[in-house]
Amino acid sequence: MTEAVAVLDPWIGFLLLGIFGLAWVCLGVWWGRKAKDLEGFMLAGRNVGLALGSATAMATWVTSNTVMLAPKFALQMGIWGMLAYSTASFGLALFAPIAYRIRRLMPRGYTSGDFVRLRYGKLAWGLFLIITFVYSMAWLVSMAMAGGKFLQALSGIDYVWGMSIILLVCVLYTLFGGLYAVIGTDFIQSMIILAGVVFVGFVALGSLDFDVFYDRLTAEQPTLLSIFMPVALLSLFNNMFFGFGEVFHNNVWWSRAFAMRKEVAPKAFALSGLFWFPIPIAAGFIGLSAGPLEIPIPDADMVGPLVASQLLGAAGSVVVFIVLFCSLASSIDSLLAATSDLFLEDVYRKMLRPSVSQETLRRMSSYVIVGFGAVVWAISYGNFGDLLQVLFLSGPLVGSTVWPIVGGLYWRRVNGPTAVAAMLLGSVIGLYVYFSYGWFVASLVGTSVSMIIVLAGHVLSRSEYDWKTLDEIPAEGG
Amino acid sequence: MGRAARLAPACLALVSAAGIAAVPATAAPDVEFHESIPETTREGHVTLDWKHIEGQAFEVQKATQADFSDARVLLRGRGHSLFVSGLERGSNYFRIRALDTRGGDQGSWSQTLEIQVDYPSRAEVIALMAVGAAVFLILVTAIVSSFLRDRRTESTESAAP
C-alpha cells in the first residue's frame, strides 16, 4: 500500500475508544435497569416515541459502511456513485407505511420471522431465516472490518485491536441493556453523528478550492463526472433495491416497528429517511476529493479516513474518529440485538424449546449476543476481501425478500409456495448474475425475478389468507 | 568552434561518469506489477500492486496511448499498491519504476501493463435501468395505494358504532 501515515497517535485513539466505550457501557447498564421482563429487553416496552424512534432508525442506518463505503462509491463511480448510495434512504422512507401495516396486523408480534412463519408456513420461514442470518452476518462482519480499517488508517491502532475493542464495547452494552440501551445510546449517537457531519462538511467546504477541484477532476478523471457512467447508473437501482431488501426484511427494522408506538412508527421512519439522505452525499464528496487533492489511495476501502485526515488535520480527525465510533456502535448494537432476538425467538423458542420460561430466555439472550459477537470477531479477524464484496454478495438474497414481504402484508392471495419460489429463484438467479455479470445488477435482478413470481402468484392463486392469523397470542413462556 | 566549446562535451562526459560512479548501481531496483492484476474490468477501476520494498519510492504512470505520449503521473512516493478509478473505455496503459533514494529517475520502466475497460454497453444499461424503473414504480404504487386503503379502512372501522 502507499505508506499513509496516521494523523492521530495511537494513544489518542485508545483514549477516545476508552472514554466513549466506557460511556456506552455505563449507559447500557443504566438503561438496562428499565428492562424488567423479556418484552422490555427485546422491544423496549413497545412504547418508544417520535424523537427516540427517528433517532434510532437514522443512527442505525448511518453505519460504518456509510462512512467507509459512500466515499468508496464516489471514488469508484463518481457523482452517480454518491447518489446511488443515497438511494438507500428510500428504503427507510418506504418502510414508513409498511411499519403502520405491521403494527396494525401484528400488535403483539416480536420478529420479522414471526410474520413469515404465520403468513407463509415453515418452509418459507426456514428459507427466510437462512437469508436473514447470512445477510446479518455479512453486515456485521463488514461493519467490524470497516471499523478496524478506519481506526488503523486514522490513528495507527492495529486492525485487530481496533476491531476487537469496538465489538467488545457493543457486545457489553447490548448484553446489559437490550433494546432500551440500544435505542437510548442511538439517540445520543445520532446527535453526535449529525453535529460531526455538519462540522466536517463546513471544514471541507472551507479548505477546498472548487474551481481547482472541478478542473482537475474534469482533466484527469472525467469519467467520474460523466452523465453516462454505466456501472454507476446501474448501481443506482441496484443499491436502491438492496436497501429495500435490507430494511423490509430485517428484524433490526421490524423490532423498531414493534417497539415504537403505533402512530409514531410511520412518522419516525419517514423522518429518518429524510435525515439520512444527505449523509452519503457529504461522505461521498470526501472520496471524490482524493484525485483533485492528489492523495494516493492504496486501498479503496480506506479513502474516507485518508482524505478526511489530510483535509481536516489532527483536530478534525478527532471529530471524524468520534463520528465513526458512534456510527459503528449505533449499528453494531442494533444488529446484535435484533439478530439475537430473531435467533432466540424463531430458532430457540419456536423450533427447539417452545415451553421455555422467560428467565431461561433472558439468560439465553445473553449467551446468544456473546456468541454472535464471537463469531463476527472470528470471521473479521482475517480482514479478508473488500467491504463491497462482503456486503453486496448478500444483495440478491435480501432483494428477493422485498416482494414476498410486501405481497404478504397487503395481498391475501400470495401464499407460501409463491413466497418460497420468489425467494429461492430471486436469490439463485441474482447470485448467478452477481458472479457472471457483476455485483452492480445482482440485487436488481433478484428483486425483479421475485416480483414476477409474486405478481403471478397474486393473480393465479385461489387461496385467501385470513389476516387475523397474524395476531398471534404469545405463548406462556414468552 | 572555439576551444571552450570543443572541450565542453568532454567535460560533461567526465562529470557524468563521475556521477554514475558515485551512485550505487542497486539504488533503484527493477520492479514489475504483480501478475494477479486483472487485464479487463467492467467497472473502470483497478488496484495496481507490486513488490513491497521497505522505504523504496516508486513512480507510477498511466496513459491511454501505448507509447505513453499522454502519460500522467499517478504516484511518486513509497508504497506497494495504488487504487486507480475513472478509467476511460478501451485500453489503459500503466508502468512503474523505482526511484533512487535521492528521488532521481534512474530506475528502468517496468513492462507496460495494459488494462482493457469494457463498460456495459449503452443498450444494456438503458434496458436494465428500464427494468429497475418499472420495478420501482410498481413497488411504490403497490405500497402507497395499499397504505391509503388501509388508512381508509381503519377510519371506517373506528367510526363504526
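Throughout, protein chains are lettered first and strands after them, A, B, ... in sequence-line order, and every chain is numbered starting at 1. The figures here come from the full heavy-atom set of this structure, side chains too, leaving out hydrogens, waters and symmetry mates.
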Exercise for the section: Count the heavy atoms of every other residue, nucleotide or ligand shown that sit under 6.0 Å from CD of Glu35(B), and state whether that count exceeds 12. Expected result: no
Would you be so kind as to tabulate the donor-acceptor pairs closer than 3.5 Å made by side chains of residues 136-146 of chain B, with sequence neighbours excluded?
from      : atom 1 : to        : atom 2 : distance (Å)
Thr141(B) : OG1    : Leu137(B) : O      : 2.6
Ser145(B) : OG     : Thr141(B) : O      : 2.6
Ser145(B) : OG     : Ala142(B) : O      : 3.3
Ser146(B) : OG     : Ala142(B) : O      : 2.6

Completion exercise
Given Leu94(A), Leu75(A), Leu217(A), the one with more heavy-atom pairs under 4.5 angstrom with chain B than any other is Leu75(A)
Exercise for the section: Mind running side chain to side chain contact (heavy atoms under 4.5 Å, CB included) on Arg104(A) and Thr153(B) for me, showing each step along the way? Expected result: CA-CA 11 Å; Arg104(A) 197 163 132 73; Thr153(B) 311; 3.7 Å; yes
Practice task
To the nearest 0.5 Å, tell me how far Gln76(A) CD sits from Leu87(B) CG.
Solution key: 11.0 Å
Handout entry: Side-chain heavy-atom pair Arg151(B), Tyr100(A) within 4.5 angstrom cut-off
Key = yes
Practice task
Output the distance between atom CG (Leu82(B)) and atom CG (Asp299(A)), rounded to the nearest 0.5 Å.
Solution key: 11.0 Å
Problem - Asp150(B) portion near chain A, given a 4.5 angstrom heavy-atom threshold - result: both
Problem - Over 12 foreign heavy atoms within 6.0 Å of CH2, Trp80(A) - result: no
Practice task
Measure the CD1-CG distance between Ile297(A) and Leu75(B) for me, rounded to the nearest 0.5 Å.
Solution key: 11.0 Å
Problem - Portion of Arg72(B) that has a non-hydrogen atom of chain A nearer than 4.5 angstrom - result: side chain
Practice task
Answer with side chain, backbone, both or neither: which region of Glu294(A) has an atom nearer than 4.5 Å to a non-hydrogen atom of chain B?
Solution key: neither
Handout entry: Which atoms of Arg89(B) approach chain A - backbone, side chain, both or neither, heavy atom under 4.5 Å
Key = side chain
Handout entry: Distance under 6.0 Å and angle within 45° of ring axis: Arg101(A) vs Phe147(B)
Key = no
Fill in the blank from the handout: Cut-off 4.5 Å, heavy atoms of chain A, and the answer for Ala133(B) is both
Practice task
Report yes if some heavy atom in the side chain of Phe440(A) is under 4.5 Å from a heavy atom in the side chain of Pro120(B); otherwise report no.
Solution key: yes
With a 3.5 Å cut-off and sequence neighbours excluded, list the donor-acceptor pairs that the side chains of residues 223-240 of chain A form with protein atoms.
from      : atom 1 : to        : atom 2 : distance (Å)
Thr223(A) : OG1    : Gly86(B)  : O      : 3.1
Ser226(A) : OG     : Phe228(A) : N      : 3.0
Ser226(A) : OG     : Phe228(A) : O      : 3.4
Ser235(A) : OG     : Val231(A) : O      : 3.4
Ser235(A) : OG     : Ala232(A) : O      : 2.9
Asn238(A) : OD1    : Ala442(A) : N      : 3.2
Asn238(A) : OD1    : Ser443(A) : N      : 2.8
Asn238(A) : OD1    : Leu444(A) : N      : 3.1
Asn238(A) : ND2    : Trp439(A) : O      : 3.1
Asn239(A) : ND2    : Ala84(A)  : O      : 2.8

Problem - Six-ring centre of Tyr410(A), Arg149(B) cation under 6.0 angstrom, axis tolerance 45° - result: no
Exercise for the section: Give, as side chain, backbone, both or neither, the part of Phe95(A) having an atom under 4.5 angstrom from any heavy atom of chain B. Expected result: neither
Problem - Part of Tyr437(A) within contact of chain B (heavy atom distance under 4.5 Å) - result: both
Fill in the blank from the handout: Okay, Val402(A) and chain B: the region with an atom under 4.5 Å from a heavy atom over there is side chain
Problem - For Val135(B) against Ser448(A), the heavy-atom pair lying closest together - result: CG2-OG, 3.5 Å
Exercise for the section: Check the surroundings of atom NZ in Lys51(B): do more than 12 heavy atoms from other residues, nucleotides or ligands lie under 6.0 Å from it? Expected result: no
Handout entry: Stepwise salt bridge (charged side-chain N to carboxylate O under 4.0 Å, His left out) test for Glu220(A) and Lys62(B)
Key = CA-CA 11 Å; Glu220(A) 296 180 358; Lys62(B) 170 192 171 283; over 6 Å; no
